[in-house]
Amino acid sequence: MIKIKLPDGSIKEYEKAVTALEVASDISKGLAKSVVAAKIDGNVRSLTDPIKQDSDLLLLKFEDEGADHVYRHTSSHIMAHAVTSLFPGTKLAIGPSINNGFYYDFDTDHIFTDEDFPLIEKKMEEIIKADYPIERFTLPKNEALDFVKNNPYKYELVTDLDENEDISFYRQNDFVDLCAGPHLPSTGKVKVVKILSVAGAYWRGDEKNKMLQRLYATSFPSQAMLDEYIYKMEEAKKRDHRKLGKELDLYDIFEEGPGFPFFFPKGMEIRNQLIDYWRREHKRAGYGEIQTPIILNEELWHRSGHWDHYKNNMYFTTIDEGNYAIKPMNCPGGMLAFKRRMYSYRDLPLRTAELGLVHRHELSGALHGLMRVRCFTQDDAHIFMTEDQMKQEIVGVINLMEKIYSLFNFEYKVELSTKPENSMGTKEQWDIAENALQEALESLNMKYELNPGDGAFYGPKIDFHIQDSIGRTWQCGTIQLDFQMPERFDLTYMGADGNKHRPVMLHRALFGSIERFIAILTEHYAGAFPVWLSPVQVKILPLTDRQAEYAQKIRDILMANDIRVECDFRSEKIGYKIREAQLEKIPYMIVVGDKEMENNQVAVRVRKVGDIGTMFLEEFQNRIVKEINEKV
RNA sequence: GCUGACAUAGCUCAGUCGGUAGAGCACCUCAUUGGUAAUGAGGAGGUCGGCAGUUCGAUUCUGCUUGUCAGCUCCA
């Protein structure tokens with residue numbers, strides 16, 4: 001007798017092995033129809049996997065966590081099935097589910113274009129309609145290798161699998177794919193599919209390998225859900241900072257300087273507000289600010305290790321026959337600044353901050369608006385400290401980071417990146433540094449992911465990643481521990497014992513890059529910045545020419561109080577002026593007509609709520625100044 | 001850098017099966033002086049990304065090139 005325990009506590013008993021699908025059928029036909037996978041003792045499994053012993057069973061619908069991945073994984077098999085039948089000879093590589101969809105990598109002479117999409121979709125629909133059962137079978141490794149011998153990709157995948165375990169395959173009609181599963185019970189479970197795009201992707205993500213063709217697609221249990229998804233994506237694209245930056249006249253990048261952004265007066269206003277805020281917070285947190293040159297001689301970069309580890313990303317120039325480099329990082333300059341004099345242990349931790357403009361040769365294909373550029377301003381800082389001070393300083397930086405990120409209500413993901421292949425220093429130094437970062441994270445109970453091999457060449461790092469409007473994540477803040485630079489530059493401080501000691505160094509950036517951070521902010525607020533950041537905070541809209549003088553008077557008063565204000569004196573109707581101010585996403589509009597002028601008042605319209613009525617200027621001013629100061 | 005797609009007025013886009021281009025918005029002028037998301041009329045604006053080739057003739061076809069977009073790789 002097998003006992004199946006359901007989430008409501010009830011228990012179903014079966015004489016012999018049963019499948020989750022059968023259990024669902026026993027409960028109700030409708031349930032059996034809507035369920036897509038099963039969680040058996042906590043593991044997501046196919047509905048058709050036999051349950052041979054007493055188990056906890058949770059039936060998963062598409063909406064339940066993990067179920068969409070099963071649904072999309074089967075969808076990817078259906079797409080591979082369709083592609084191999086339409087383009088015989090196509091070799092399959094890998095085809096996983098991803099968030100909101102799935103992809104499959106193909107190796108074929110046929111070059112996929114958008115025009116192929118409807119064809120492939122049509123074939124997929126046929127496969128769905130045929131409702132082929134999906135069957136799992138396993139082979140021992142040697143037989144599995146023989147089975148996939150005509151496909152070098154699958155052969156490589158099987159080769160890497162464990163010798164002692166049977167290797168599973170899934171079959172639907174004449175299509176078979178190597179796959180760990182789980183899967184839907186039959187192809188008919190998938191309802192609507194849509195191929196979204198095609199792009200190149202290297203086999204196993206290695207640029208030395210062959211580039212395959214990757215078809216991105218998605219699938220849903222209903223057309224309405226697909227439509228909603230597509231609508232959401234289109235809405236999200238309207239928040240794209242490249243579009244908004246241009247529309248709101250904040251910043252742009254021209255063909256004359258790929259990856260080298262221009263900031264216009266309104267963009268500079270946001271930038272300067274951010275920097276003002278940054279300066280205040282850093283003063284309070286005990287940082288001194290420095291500025292180091294953009295160009296320094298080549299020898300410095302040999303000394304720092306950048307020549308050996310970072311040369312490909314650097315720009316060079318010559319001055320009076322001497323070789324110079326344009327800085328890709330601020331640290332070597334920061335080293336020189338530290339070395340200018342002798343420090344006592346009493347000076348440590350020494351926190352020096354720098355808004356440093358760095359230039360990096362990024363691959364042309366990697367450029368992306370303000371998110372990935374070739375010159376950007378890091379809100380960098382270098383903290384020189386004793387080993388004893390490490391943890392406390394890391395914690396201090398994390399707290400400052402959280403303070404700043406919470407001001408913007410950002411959700412972020414934390415990663416701990418460890419020793420890369422091409423790195424400086426000993427394993428022991430790396431271990432100490434990695435442990436220090438890890439301990440700091442754990443002492444703060446922070447959730448983080450391990451990102452092995454992704455540290456900087458001089459040390460491990462904690463990275464803070466924030467999502468853009470369509471869910472791509474970008475690294476912003478970073479905290480990097482470095483034992484190498486102090487050694488390379490022979491940094492020392494005088495200890496209490498009267499001997500010279502070597503400090504440890506911490507590199508960190510909170511915004512990461514001002515440019516990227518502004519891009520993230522633009523998308524986060526969809527261009528409707530909070531009042532303190534808004535390039536124009538108030539727009540005064542006189543109803544007619546009669547109020548022009550009064551409007552100017554109000555403007556002068558607000559300007560004198562450091563409020564960023566503009567007047568719209570054009571002879572347009574009020575509706576038109578409001579519409580335009582609204583599209584410019586200006587937080588406050590002041591409408592003045594004869595009534596307001598007579599009573600010495602202003603009619604206030606708030607961007608998000610509309611008309612809030614008339615008040616005296618002072619009242620309005622108190623309101624907006626409070627909002628600016630509180631940064632709400 | 002790689003794979004694919006794209007590039008027409010400041011912006012969003014239409015168009016020419018090869019005969020040097022058009023709309024809306026924005027801009028300028030004039031009229032209009034209005035009450036919370038588009039007043040009307042007129043005007044100006046493009047060597048159709050750049051360089052070659054094919055052709056009597058190229059914005060259109062071909063090659064190269066620059067840039068952009070999506071993804072891969074890389075990264076703040």
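Naming convention: chains lettered A, B, ... in sequence-line order (proteins, then strands); numbering from 1 in each chain.
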What does [X] touch in the nucleic acid at a heavy-atom separation under 4.0 angstrom: a base, only the sugar-phosphate, or nothing?
X        : result
A/Lys577 : nothing
A/Ala603 : base
A/Glu596 : base
A/Ile111 : sugar-phosphate

For this session: Name the residue closer to the 5' end of RNA chain B, choosing between A/Asp240 and A/Gly610 according to the nucleotide with the nearest heavy atom.
Result: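 Of the two residues, A/Gly610 wins.
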
Pairwise [atom1] distance, [M] and [N] [rounded to whole Å]:
N     : M     : atom1 : result
B/G50 : B/C6  : C1'   : 16 Å
B/G19 : B/C27 : P     : 35 Å
B/A38 : B/U73 : P     : 48 Å
B/C17 : B/C2  : C1'   : 35 Å
B/U55 : B/C61 : C1'   : 10 Å
B/G45 : B/U29 : C1'   : 15 Å
B/U8  : B/U16 : C1'   : 11 Å
B/U62 : B/C72 : C1'   : 29 Å

Between atom [atom1] in [X] and atom [atom2] in [N], what is the gap in whole Å?
X        : N     : atom1 : atom2 : value
A/Arg242 : B/A7  : CZ    : C1'   : 16 Å
A/Ile253 : B/U66 : CD1   : C1'   : 16 Å
A/Glu247 : B/C13 : CD    : P     : 11 Å
A/His110 : B/G4  : NE2   : P     : 12 Å
A/Leu196 : B/C69 : CG    : C1'   : 15 Å
A/Ile540 : B/G35 : CD1   : C1'   : 17 Å
A/Lys243 : B/C69 : NZ    : C1'   : 14 Å
A/Lys208 : B/C2  : NZ    : P     : 16 Å

Problem set entry | Main-chain N/O of A/Arg570 paired to A/Lys577 side chain as donor or acceptor, under 3.5 Å |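 Yes: the side chain of A/Lys577 pairs with the backbone of A/Arg570.
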
Problem set entry | Check: A/Glu523 side chain, A/Ser469 main-chain N or O, donor-acceptor pair, under 3.5 Å | yes

Seminar exercise, completed: With B for base contact, S for sugar-phosphate-only contact and - for none (protein heavy atoms under 4.0 Å), nucleotides 71-76 of chain B reads BBBBBB

Exercise. Can you give one letter per nucleotide of nucleotides 24-34 of chain B, 5' to 3': B if a protein heavy atom sits under 4.0 Å from the base, S if only from the sugar-phosphate, - if neither?
Worked result: --SS----BBB

Would you say the ring centroid of [X] lies under 6.0 angstrom from that of [Y]?
X        : Y        : answer
A/His69  : A/Phe102 : no
A/Phe87  : A/Phe112 : yes
A/Phe620 : A/Tyr588 : yes
A/Phe517 : A/Phe410 : yes

Seminar exercise, completed: Exactly one of A/Ile78, A/Leu215, A/Leu212, A/Leu92 clears side chain to side chain contact (heavy atoms under 4.5 Å, CB included) with A/Tyr104, and that residue is A/Leu92

Exercise. So do A/Ile520 and A/Cys476 actually touch side chain to side chain, heavy atoms under 4.5 Å?
Worked result: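 Heavy-atom side-chain distance check passes, below 4.5 Å.
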
For this session: Determine, stepwise, if the pair A/Glu434 / A/Lys419 fulfils salt bridge (charged side-chain N to carboxylate O under 4.0 Å, His left out).
Result: CA-CA 8 Å; A/Glu434 286 170 10; A/Lys419 189 170 183 290; over 6 Å; no

For this session: Check step by step if salt bridge (charged side-chain N to carboxylate O under 4.0 Å, His left out) holds for A/Arg555 and A/Glu566.
Result: CA-CA 7 Å; A/Arg555 180 184 64 185; A/Glu566 280 182 358; over 6 Å; no

Exercise. Could you walk me through whether A/Glu354 and A/Lys327 pass the salt bridge (charged side-chain N to carboxylate O under 4.0 Å, His left out) check?
Worked result: CA-CA 13 Å; A/Glu354 171 172 19; A/Lys327 68 175 176 184; 3.2 Å; yes

Pair assignment for [N], Watson-Crick or G-U wobble, requiring both distances under 3.5 Å:
N     : value
B/U29 : B/A41
B/C6  : B/G67
B/U54 : none
B/G46 : none
B/C72 : B/G1

Exercise. Any donor-acceptor pair under 3.5 Å joining the side chain of A/Glu255 to the base of B/G50?
Worked result: no

